[in-house]
Amino acid sequence: MNLLKVISRRFETALTALGVDPSPYLDMIRPSQDPKFGDYQANFAMPLGKKLGKNPREVAAEALTHFQFDDLLEPPEIAGPGFINLKVKESALAELVQKEAGDERLGIEPTDVRKKYVLDYSAPNVAKPLHVGHIRSTMIGNSLSRILRFLGHDVVSDNHLGDWGTQFGMIIYGYRNFLDAAAYEKEPVAELARLYRLTRQLVDYYKAKEEVGSLLQARDAAQLALDAQKSKCAALKQQDEADKTKESKEALKKANKERERLSKELSSAQERYDSVQKKIAEVEQNEDVLKLAQGRETIGVDVLAETSKLHHGDEANLALWRQFIPQCMTEVDKIYNDLNVHFDLTLGESFYNDKLGPLVERLKNAGIARETEGAVGIFLDGHDAPMLIQKSDGAYLYATTDLATLEYRRDAFKPDAILYVVDFRQSLHFEQLFEAAKYLGMGDVQLVHVKFGTVLGEDGKPFKTRAGKSVGLRSLLDEACSRAYEVVKNNDMNRAAEDRFSEEEMRETSKRVGIGALVYADLSQNRESDYVFSYDKMLAMNGNTATYMQYAYARVRSIFTKGGVDVDDLRRSFADGRNKLTFTKPEERALAFELLQFHAALANVERDFRPNFLTAYLYELANKYSAFFEKCSVLKAEDEKTKASRLLLCDLTARTIEKGLDLLGIQTVERM
RNA sequence: GUCUCCAUAGCUCAAUUGGAUAGAGCGUCGGCCUCCGAAGCCGAAGGUUGCAGGUUCGAUUCCUGUUGGAGACGCCA
């Protein structure tokens, strides 16, 4: 039940009766930010008063004469410049909450504007291990998929794997040249990862050797420029001290700014130089690797050749590729399993391989794409550079696959909307892609780049460990579980011996708690902002965390266990009128009202594709429950009626938390 | 050089899209377990929302300028 919607509809009637078009004003009815202003507030009287040239308070009063409220609300109050404060009647509130408690779907009716969504998320490059950066796309997409489904939409989730790029050229090259057959026999995934890293290292090595000279020159040039600017600044400073005019001051300021810019340029040139030096040193200081490097000056083009052969249907390379893919996927799938992530489809880039050539031909023939400097591109309105869809060597690009994917999805699923849960740095690419989609006649499909920010290290740069390697998702998950294990075990020690967890229960519990914390930490962030990675923050277990909600849930469950409550009978007793929800303390009412806001929270998520509206709601709910828990004894309530009433609030709270967490991909535990 | 995004408490982040006194967590300080689970609760301190203008009944939110940070910008994905 979305109470706000009901109230909105009634105001729609009231405003229409006033003779105004209600549509722009209905959004101005919203939950109050402060309980002293009631439960909801309507803010339309001020702009409306302005428009009608009347006193806003009068407008409010007039609207209220047409507003039917007495079954739902206390008499509305007009406050301040013309705010209308609304408070839900206790009897109505009790009735609504009872209804939700008796409903499988917690009172949330499936939407009446059912849409078909294609949801594109996760999309890792399967040749490489997943790292911390992959968690955002994966978890945001996964929770959106669950939420949209629950709201009644049709969702096709598709994992657009990177299974066809240069990385496979690397692995194939590595396999042909560096394979340790015994290791491959024993642990194929680890060996493939090693081959990838080694080949990559050697490619980088020769590239670095090629670049090192010019990078050194660039650094020296930057140094010279900076030195020159420094003396210029010194001269200008002397000048200024002598003249002390406005002009001399300006000139000095400008020169100093330029000096700062040059200084930054120098450090970035230095950084680039150091980075290639390091790559060279890493190879040359390791005898074994150096030996492998010798005589492979052409490894860069050789790797590309392997990739190209694969793309052009070379049987030997295709056979290797078919052998590698499932091996690469075992580890990825294991992580998906741990994270409670599912896909309806997994159509990687390779799936579109044979569609690329014909697509480019069609676009050329239709005059949408044309040749430019040997390559083929689509020239788009509002963009200087064309979107290239074929390289001058004939190879296809990212954009080509994306266009082919777009067409395939249009034809296969006929979606109303396609959502791409992808890093914000690809904004421009999607702008171009969506623009190009119009040329393909897809103007009626809603295309959304659900963008998210970068995971940063403590230095404010995209996250890397000190060794320069990104934190693997596997080790992050393991760390999450082991930290949770400590806490769970510590708590368990305080229990009576006969109540303690078995080792297996302990492991399962700490897995749910640890991974829940990790997932929640990501989803509770506004997806558009970058965030700084920290183990302590990602794996925290108090405050606004999944653990807090899981804890609230476990406390409810423990009341039911301890009280020997038959939940089914409890629910029935309200349905058949034996019991009735009543509020004797303010904490009960506050909790009941919060329970009613679940639908609105999900609607907010749907509007902006932002799961953090749901986490914020769950936190608020668990918070209200904690206050209720402190102030209202359940099992030792004053009388049986109050006890039953409170038990129902507990039951609905637990179910709402469980459902809410489930929609985020997080599991609950009965005890923790 | 062009374009995009960001700037909120000591730190990390919110703020239901323009609403009333800007909220949490962590950290700091002080209270609360003979009482359904203290992974909790209650309270205190902490803010010129980067800066300067503008729009209006009302601005963290919209506009202009400015400073600082991040990112993207035809043959990578």
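Everything quoted here is computed from the prediction, not taken from an experiment. In what follows, every chain begins at residue 1, and chains take the letters A, B, ... in the order their sequences are listed.
- One interatomic measurement links the two molecules: CZ of Phe629(A) to C1' of C32(B), which rounds to 14 Å at whole-angstrom precision.
- Leu635(A) comes within contact range of at least one nucleobase, with a heavy-atom separation under 4.0 Å.
- Remark: C1' of A70(B) and CD of Gln426(A) are 16 Å apart, rounded to the nearest angstrom.
- Contacts of Ala603(A) with the nucleic acid, taken as non-hydrogen atoms under 4.0 Å apart, are absent.
- The side-chain heavy atoms of Thr547(A) and Val487(A), taken from C-beta on, include no pair separated by under 4.5 Å.
- For A20(B), its base sits under 3.5 Å from the side chain of Asn85(A) at one donor and acceptor pair at least.
- Distance, Met28(A) CE to A59(B) C1': 15 Å, rounded to whole Å.
- Using a 4.0 Å heavy-atom criterion, one finds that Asn43(A) contacts the bases of the nucleic acid, with or without backbone contacts as well.
- Within 4.0 Å of Glu373(A), counting heavy atoms only, lies at least one base atom of the nucleic acid.
- Checking the phosphate oxygens (OP1, OP2) of A20(B), no side-chain nitrogen or oxygen of Lys36(A) falls inside 4.0 Å.
- C51(B) and G68(B): their P atoms are spaced 15 Å apart (whole Å).
- Between Arg136(A) and Asp530(A) there is no salt bridge, since no side-chain nitrogen of the basic residue lies less than 4.0 Å from a carboxylate oxygen of the acidic one.
- Using a 4.0 Å heavy-atom cutoff across all strands shown, Ser529(A) reaches sugar-phosphate atoms only and no base atom.
- With contacts defined as side-chain heavy-atom distances shorter than 4.5 Å, the pair Leu661(A)/Ile657(A) qualifies.
- Phosphate proximity of A38(B) to Arg555(A): present, with a side-chain N or O under 4.0 Å from OP1 or OP2.
- Look at Phe83(A) and the base of A20(B); the rings stack, centres closer than 5.5 Å and planes less than 30° apart.
- At whole-Å resolution of the value, NE2 in His383(A) and P in C3(B) are 14 Å apart.
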Could you go step by step and tell me if Tyr548(A) and Tyr520(A) meet the ring pair (Phe, Tyr, Trp, His ring centres under 6.0 Å) rule? CA-CA 11 Å; Tyr548(A) 182 71; Tyr520(A) 187 93; 9.5 Å; no
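- Separating the P atom of G47(B) from that of U8(B) is a span of 15 Å, rounded to the nearest Å.
- Between the C1' atom of A24(B) and the CZ atom of Phe613(A) lies a distance of 15 Å, rounded to the nearest Å.
- Asn612(A) comes within contact range of the sugar-phosphate backbone alone, with a heavy-atom separation under 4.0 Å but no base atom that close.
- With its glycosidic angle more than 90° from 0, G58(B) adopts the anti conformation.
- Within the nucleic acid shown, Lys51(A) has no heavy atom closer than 4.0 Å to any nucleic acid atom.
- Across all strands, Met387(A) comes closer than 4.0 Å to no nucleic acid atom at all (heavy-atom distances).
- For RNA chain B, each stem of at least three Watson-Crick or G-U pairs (distances under 3.5 Å) is given as range with range: B:1-7 with B:67-73, B:10-13 with B:23-26, B:28-32 with B:40-44, B:50-54 with B:62-66.
- C35(B) and G19(B): their C1' atoms are spaced 43 Å apart (whole Å).
- Positionally, the nearest nucleotide of RNA chain B for Tyr619(A) lies more toward the 5' end than for the other of Tyr619(A) and Ala554(A).
- Among G74(B), C36(B), A39(B), the nucleotide with an atom closest to any side-chain atom of Leu388(A) is G74(B).
- Between C3(B) and A45(B), the distance separating the two P atoms is 47 Å to the nearest Å.
- The base of A15(B) has none of its N or O atoms less than 3.5 Å from a complementary donor or acceptor on the side chain of Gln33(A).
- In this structure, Tyr548(A) does not count as stacked on the base of A39(B) under the 5.5 Å centre distance and 30° plane angle limits.
- As rounded to the nearest Å, U49(B) and A59(B) have P atoms that lie 12 Å from one another.
- Ion pair Lys641(A)/Asp639(A) not flagged as a salt bridge, since none of the NZ, NE, NH1 or NH2 atoms sits closer than 4.0 Å to an Asp/Glu carboxylate oxygen.
- Whole-Å rounding puts the Gln525(A) CD to A24(B) P distance at 18 Å.
- Arg671(A) places none of its side-chain heavy atoms less than 4.5 Å from the side chain of Thr561(A).
- Within 4.0 Å of Asn491(A), counting heavy atoms only, lies at least one base atom of the nucleic acid.
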Begin from the C-alpha positions of Phe37(A) and Phe83(A) and carry the test ring pair (Phe, Tyr, Trp, His ring centres under 6.0 Å) through to its verdict. CA-CA 9 Å; Phe37(A) 300 130; Phe83(A) 294 104; 7.3 Å; no
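- A donor N or O paired with an acceptor N or O is not found under 3.5 Å between the base of U4(B) and the side-chain atoms of Lys451(A).
- Of the two residues near RNA chain B, Gln167(A) and Pro47(A), the one whose nearest nucleotide lies more 5' is Pro47(A).
- For the pair Asn490(A) CG and A39(B) P, the interatomic distance rounds to 10 Å; values are reported in whole Å.
- Contacts of Asp384(A) with the nucleic acid, taken as non-hydrogen atoms under 4.0 Å apart, are absent.
- Looking at heavy-atom distances under 4.0 Å, Ser558(A) makes contact with a base.
- Side chains of Asn55(A) and Arg57(A): no donor on one and acceptor on the other come within 3.5 Å.
- Here, G1(B) and G27(B) have their P atoms 45 Å apart, quoted to the whole Å.
- In summary, the side chains of Asp522(A) and Tyr531(A) do present a donor paired with an acceptor at a separation below 3.5 Å, with no hydrogens or angles considered.
- Note on Pro81(A): nothing from the nucleic acid sits closer than 4.0 angstrom, heavy atoms only.
- Between Phe629(A) and Val556(A) the shortest side-chain heavy-atom distance does not fall below 4.5 Å.
- C35(B) adopts an anti glycosidic conformation, its chi angle falling more than 90° from 0.
- Going from the C1' atom of C41(B) to that of C36(B) covers 15 Å, rounded to whole Å.
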Walk me through it: do Lys489(A) and Asp492(A) pass the test salt bridge (charged side-chain N to carboxylate O under 4.0 Å, His left out)? CA-CA 5 Å; Lys489(A) 182 163 191 174; Asp492(A) 198 54; over 6 Å; no
I'd like to know whether Tyr40(A) forms a ring pair (Phe, Tyr, Trp, His ring centres under 6.0 Å) with Phe593(A), so could you lay out the CA-CA distance, the side-chain angles of the two residues, the decisive distance to 0.1 Å, and finally the verdict. CA-CA 11 Å; Tyr40(A) 295 100; Phe593(A) 182 72; 5.5 Å; yes
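- For Phe424(A), whose side chain is taken as the heavy atoms from C-beta onward, the closest listed nucleotide among C41(B), G71(B), A39(B) is G71(B).
- Of the candidate nucleotides A14(B), A20(B), G40(B), G40(B) has the atom nearest to the side chain of Tyr551(A).
- Heavy atoms of Ala601(A) sit nowhere under 4.0 angstrom from any nucleic acid atom.
- Counting non-hydrogen atoms under 4.0 angstrom, Asn623(A) reaches the backbone sugars and phosphates but no base.
- Taking atom C1' on both nucleotides, U64(B) is separated from U55(B) by 11 Å, rounded to a whole Å.
- Comparing C57(B), C35(B), A72(B) against the side chain of Lys636(A) picks out C35(B) as the nearest.
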